[in-house]
Amino acid sequence: MTVFHRVTGVPVHSVRLIHTREAALAAPRGDIELGFCGRCGFTANLAYDPDLSDYSEGYEPTQAFSPAFNRFHKELAARLIDRHDLRNKRIIEIGCGQGEFLALLCAMGDNRGVGFDPAYVDRGDGPAGGRMTVV
């Protein structure tokens, strides 16, 4: 695999509820080393350390309760759809959480999507009205 992006010391959790500044500063950090296979197209974080991940108490899988975040999400989806002509396409999102962003890309661009996230919780409402599947 060919490494095309490296970042060190990145916070491991993006949706963990942390109640103090001290706890946030002490939160686990890891590295990102994105590798790409030119034969099959597989992309992975070659530096991923599963021992750093913890989807237990304090994990909040959505930011959709924030009106400001929802505005940001919609504006970002619109920009990506326009910039990359994401209309009538099949979109894959790795680390999709509850699938809110992928659902926007599907609805706003008339796309179909597949999301992957180990912490996804199926609430039985069918993500994005059947336009997407989450694994």
Side-chain angles (χ1 to χ4, degrees):
M1 293 188 65
T2 303
V3 174
F4 65 91
H5 183 72
R6 282 188 179 96
V7 183
T8 59
V10 179
V12 173
H13 300 288
S14 62
V15 289
R16 176 169 296 281
L17 299 175
I18 299 177
H19 300 287
T20 67
R21 181 179 191 277
E22 293 75 22
L25 292 171
R29 294 177 176 269
D31 298 335
I32 297 173
E33 188 172 283
L34 296 181
F36 175 76
C37 176
R39 286 194 339 239
C40 70
F42 183 71
T43 301
N45 179 5
L46 303 177
Y48 175 72
D49 181 353
D51 292 334
L52 296 175
S53 297
D54 179 18
Y55 291 107
S56 60
E57 185 178 331
Y59 175 78
E60 174 54 55
T62 183
Q63 297 178 29
F65 299 108
S66 165
F69 186 79
N70 288 334
R71 277 192 307 278
F72 163 75
H73 243 188
K74 287 179 184 172
E75 291 168 4
L76 178 59
R79 280 197 316 271
L80 290 173
I81 289 167
D82 288 342
R83 181 180 302 150
H84 301 288
D85 190 28
L86 299 177
R87 292 176 183 83
N88 299 304
K89 303 272 173 51
R90 186 161 189 202
I91 298 173
I92 296 173
E93 183 181 10
I94 299 170
C96 69
Q98 287 306 110
E100 292 107 338
F101 190 67
L102 183 57
L104 280 175
L105 292 173
C106 289
M108 293 170 66
D110 197 26
N111 296 300
R112 301 196 65 72
V114 178
F116 296 88
D117 200 300
Y120 175 76
V121 177
D122 184 356
R123 296 188 176 121
D125 55 357
R131 289 181 163 277
M132 63 183 243
T133 303
V134 179
V135 179

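In the hydrophobic clustering of ILVMFWY residues, with side-chain heavy atoms under 4.5 Å counting as a link, V7 and V3 come out apart. Linking ILVMFWY residues whenever their side-chain heavy atoms come closer than 4.5 Å, directly or via other members, leaves L25 and V10 in distinct clusters. M132 and Y120 fall within the same hydrophobic cluster, defined by Ile, Leu, Val, Met, Phe, Trp and Tyr side-chain heavy atoms under 4.5 Å apart, directly or through other members. One hydrophobic cluster, built from ILVMFWY side chains closer than 4.5 Å, cannot hold both F116 and I91; they sit in different ones.
Within the 4.5 Å cutoff, no side-chain heavy atoms of F36 are placed close to those of M1. Looking at L34 and N45, their side chains come closer than 4.5 Å, going by heavy atoms from C-beta outward.
With sequence neighbours excluded, the residues that form a side-chain hydrogen bond (donor to acceptor under 3.5 Å, both in side chains) with D110 are R131. In this structure A26 satisfies the side chain to side chain contact (heavy atoms under 4.5 Å, CB included) test with no other residue, sequence neighbours excluded. A search for ring pair (Phe, Tyr, Trp, His ring centres under 6.0 Å) contacts involving F69 returns F72, H73, not counting sequence neighbours. Every residue two or more places apart in sequence or in another chain was checked for a salt bridge (charged side-chain N to carboxylate O under 4.0 Å, His left out) with D49, and none qualifies. Every side chain to side chain contact (heavy atoms under 4.5 Å, CB included) that A23 has, sequence neighbours left out, goes to I18, T20. For D85, the side-chain hydrogen bond (donor to acceptor under 3.5 Å, both in side chains) partners at least two apart in sequence or on another chain are R87.
Heavy atoms of other residues, nucleotides or ligands lying less than 6.0 angstrom from CZ of F4 number more than 12.
Taken to the nearest 0.5 Å, the NE2 atom of H84 stands 10.5 Å off from the NZ atom of K89. From L105, atom CG reaches atom CG of L86 across 6.5 Å, with rounding to the nearest 0.5 Å. Rounding to the nearest 0.5 angstrom, the gap separating the CG atom in L46 from the CD1 atom in I32 is 11.5 Å.
Heavy atoms only, all atoms of each residue included: S53 and Y48 are closest at OG-OH, 3.4 Å. Smallest separation of non-hydrogen atoms from V134 and C96: CG1-SG, 3.9 Å. Smallest separation of non-hydrogen atoms from G109 and I81: N-CD1, 3.7 Å.
Residue pairs meeting the salt bridge (charged side-chain N to carboxylate O under 4.0 Å, His left out) criterion with at least one partner in residues 17-35, sequence neighbours excluded, are R6-E33.
Think of V12 as one node in a network of Ile, Leu, Val, Met, Phe, Trp and Tyr side chains linked at under 4.5 Å; its network also takes in L52.
A distance-only check finds a donor-acceptor pair linking the side chain of N111 to the backbone of N88 [under 3.5 Å]. Put simply, the side chain of D117 never gets that close to the backbone of G99: no donor and acceptor are under 3.5 Å apart.
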